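One structure is given here, and the rest of the page talks about it.
Please read all numbers here as calculations on a predicted model, not as lab measurements.
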Amino acid sequence: MALYFTDVFSGSADWIVTDPHAQGAIVKVSQGTGYLNPKYQYQYSLAKNAGRLLGLYHYAGGGNPVAETNYFLSHIQDKLGQAVLAVDWEQYQNVAWGDTTWVRQFVDEIHRQTGIWPLIYAQESAIWQVANCVSDCDFASWLRY
């Protein structure tokens with residue numbers, strides 16, 4: 001059975017967070033080591049109060065993967081165990097695009113610090129870049145409207 005989540009970011013309208021066609025919302029928290037979604041706490045609370053399944057994701061900027069992990073985790077410590085964690089691996093604004101070791105290092109560091117293996121969000125054509133994580137992480141894809 002498929003679960004449908006809305007992909008929520010700073011530009012998302014409130015209705016997307018609580019879309020009745022989706023069972024959950026996965027909220028962008030951070031990108032790289034310098035961007036924090038200014039609406040993430042509000043969007044997370046909105047989804048939680050609506051009874052949605054919850055997810056939090058970091059958009060890979062392609063810098064140092066351990067530094068990006070630390071940046072992401074520093075903003076979600078109080079939510080560990082409440083939401084699925086994920087890394088969004090896309091070409092746009094990602095200087096490490098094509099590097100087959102970046103996501104592996106990121107997920108290993110998430111696991112080392114939390115004991116959690118995150119989901120990996122990558123387009124189908126990029127699965128080869130994250131295939132070395134298949135034994136530990138699940139993969140997800142989103143439909144964007």
Side-chain angles (χ1 to χ4, degrees), residues 3-19 22-50 52-145:
L3 290 175
Y4 296 96
F5 279 69
T6 54
D7 180 353
V8 179
F9 60 99
S10 62
S12 298
D14 288 356
W15 71 266
I16 292 171
V17 179
T18 59
D19 183 337
Q23 290 84 30
I26 187 160
V27 180
K28 180 179 181 177
V29 174
S30 53
Q31 181 173 341
T33 57
Y35 175 78
L36 180 67
N37 173 357
K39 292 173 62 178
Y40 119 76
Q41 294 277 12
Y42 167 74
Q43 292 167 328
Y44 181 87
S45 294
L46 191 61
K48 185 174 182 177
N49 291 338
R52 298 294 184 263
L53 298 172
L54 301 167
L56 297 168
Y57 75 91
H58 174 77
Y59 189 104
N64 180 294
V66 173
E68 290 198 31
T69 300
N70 291 336
Y71 187 73
F72 176 53
L73 290 176
S74 72
H75 295 289
I76 63 164
Q77 286 298 316
D78 62 330
K79 294 171 182 58
L80 291 176
Q82 298 176 28
V84 171
L85 305 183
V87 58
D88 187 353
W89 183 250
E90 297 186 42
Q91 183 174 8
Y92 181 68
Q93 296 181 339
N94 179 354
V95 297
W97 184 253
D99 181 344
T100 60
T101 65
W102 197 98
V103 173
R104 180 78 250 182
Q105 292 174 70
F106 183 91
V107 301
D108 284 346
E109 188 62 18
I110 290 279
H111 186 259
R112 187 187 73 73
Q113 291 190 40
T114 68
I116 298 166
W117 289 110
L119 289 172
I120 298 171
Y121 164 36
Q123 62 202 49
E124 190 174 329
S125 64
I127 295 297
W128 65 272
Q129 294 182 45
V130 296
N132 59 0
C133 302
V134 72
S135 63
D136 299 309
C137 301
D138 286 325
F139 293 84
S141 63
W142 280 257
L143 295 175
R144 296 190 186 208
Y145 301 101

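- Closest approach of A50 and T18 over heavy atoms only: CB-CG2, 3.6 Å.
- Between F106 and W102, the ring-plane angle classifies as parallel under the 30° and 60° cut-offs.
- Residues L80 and I116 meet the side-chain proximity criterion, which asks for heavy atoms closer than 4.5 Å.
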| query | Which is it for V17 and T6 under the side chain to side chain contact (heavy atoms under 4.5 Å, CB included) test, yes or no, and what are the steps along the way? | reply | CA-CA 7 Å; V17 179; T6 54; 5.6 Å; no
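- Atoms CG and SG, on N132 and C137 in that order, are 9.5 Å from each other to the nearest 0.5 Å.
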| said: Before you tell me yes or no, could you show the steps for D108 and R104 under salt bridge (charged side-chain N to carboxylate O under 4.0 Å, His left out), namely the whole-Å CA-CA distance, both residues' side-chain angles and the distance that decides it to 0.1 Å? | reply: CA-CA 6 Å; D108 284 346; R104 180 78 250 182; 2.6 Å; yes
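- Each of K79, K39, Q82 was scored for a side chain to side chain donor-acceptor pair (under 3.5 Å) with Y44, with one residue passing: Q82.
- Annotation: ring pair (Phe, Tyr, Trp, His ring centres under 6.0 Å) contacts of Y40 (sequence neighbours excluded): none.
- Between W117 and S135 there is no side-chain heavy-atom pair separated by less than 4.5 Å.
- Between G63 and V95, the shortest heavy-atom contact is N-CG2, 4.3 Å.
- Applying the side chain to side chain contact (heavy atoms under 4.5 Å, CB included) test between Y121 and each of I26, V87, D88, V130 identifies D88 as the sole match.
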| field | Steps toward side chain to side chain contact (heavy atoms under 4.5 Å, CB included) verdict (H75, L36) | value | CA-CA 8 Å; H75 295 289; L36 180 67; 3.6 Å; yes
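- Contact annotation: the side chain of F5 approaches that of L53 to within less than 4.5 Å [non-hydrogen atoms, C-beta and beyond].
- Of the possible donor and acceptor atoms, none in the side chain of Q105 sits under 3.5 Å from a partner among the backbone N and O of P65.
- We find the OG-CG distance between S30 and L56 to be 9.0 Å, quoted to the nearest 0.5 Å.
- With rounding to the nearest 0.5 angstrom, the CG atom of N37 is 8.0 Å from the OG atom of S12.
- Summarising the geometry of A122 relative to I127, their closest heavy-atom pair is O-CD1, 4.2 Å, with the distance given to 0.1 Å.
- Summarising the geometry, atom CD belonging to Q91 is positioned 8.5 Å from atom OG belonging to S125; distances are rounded to the nearest 0.5 Å.
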| field | V103 and Q129: CA distance, side-chain angles, deciding distance, side chain to side chain contact (heavy atoms under 4.5 Å, CB included) verdict | value | CA-CA 8 Å; V103 173; Q129 294 182 45; over 6 Å; no
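- Counting heavy atoms of neighbouring residues, nucleotides and ligands inside a 6.0 Å radius, atom CD of Q77 exceeds 12 of them.
- For the salt bridge (charged side-chain N to carboxylate O under 4.0 Å, His left out) test, no residue two or more places apart in sequence or in another chain qualifies with R52.
- Residues F9 and Q43 come closest through the heavy atom pair O-NE2, 2.8 Å.
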| task | Using the side chain to side chain donor-acceptor pair (under 3.5 Å) rule, take D7 and Y57 through it: C-alpha gap first, then chi angles, then the decisive distance, then the call. | result | CA-CA 9 Å; D7 180 353; Y57 75 91; 2.7 Å; yes
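- Counting only N and O atoms by type, the side chains of Y42 and D14 include a donor and acceptor under 3.5 Å apart.
- Shown here for G61 and E68, the closest heavy-atom pair between the two residues is N-OE1, 3.0 Å.
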| field | Chi angles and distances behind the side chain to side chain contact (heavy atoms under 4.5 Å, CB included) call for W89, Y59 | value | CA-CA 7 Å; W89 183 250; Y59 189 104; over 6 Å; no
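- A distance of 9.5 Å separates CG of L119 from CZ of F139, quoted to the nearest 0.5 Å.
- Here the side chain of Q23 pairs a donor or acceptor atom with the backbone of Y4 at under 3.5 angstrom.
- The line from OG1 of T69 to CG of L85 is 10.5 Å long, rounded to the nearest 0.5 Å.
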| Are Q31 and Q93 close enough, and set up right, to give a side chain to side chain donor-acceptor pair (under 3.5 Å), and what steps lead you there? | CA-CA 9 Å; Q31 181 173 341; Q93 296 181 339; 2.9 Å; yes
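- I110 is listed as a side-chain neighbour of L73, based on a closest heavy-atom distance under 4.5 Å.
- One side chain, Q113 or E109, offers a donor N or O that lies under 3.5 Å from an acceptor on the other.
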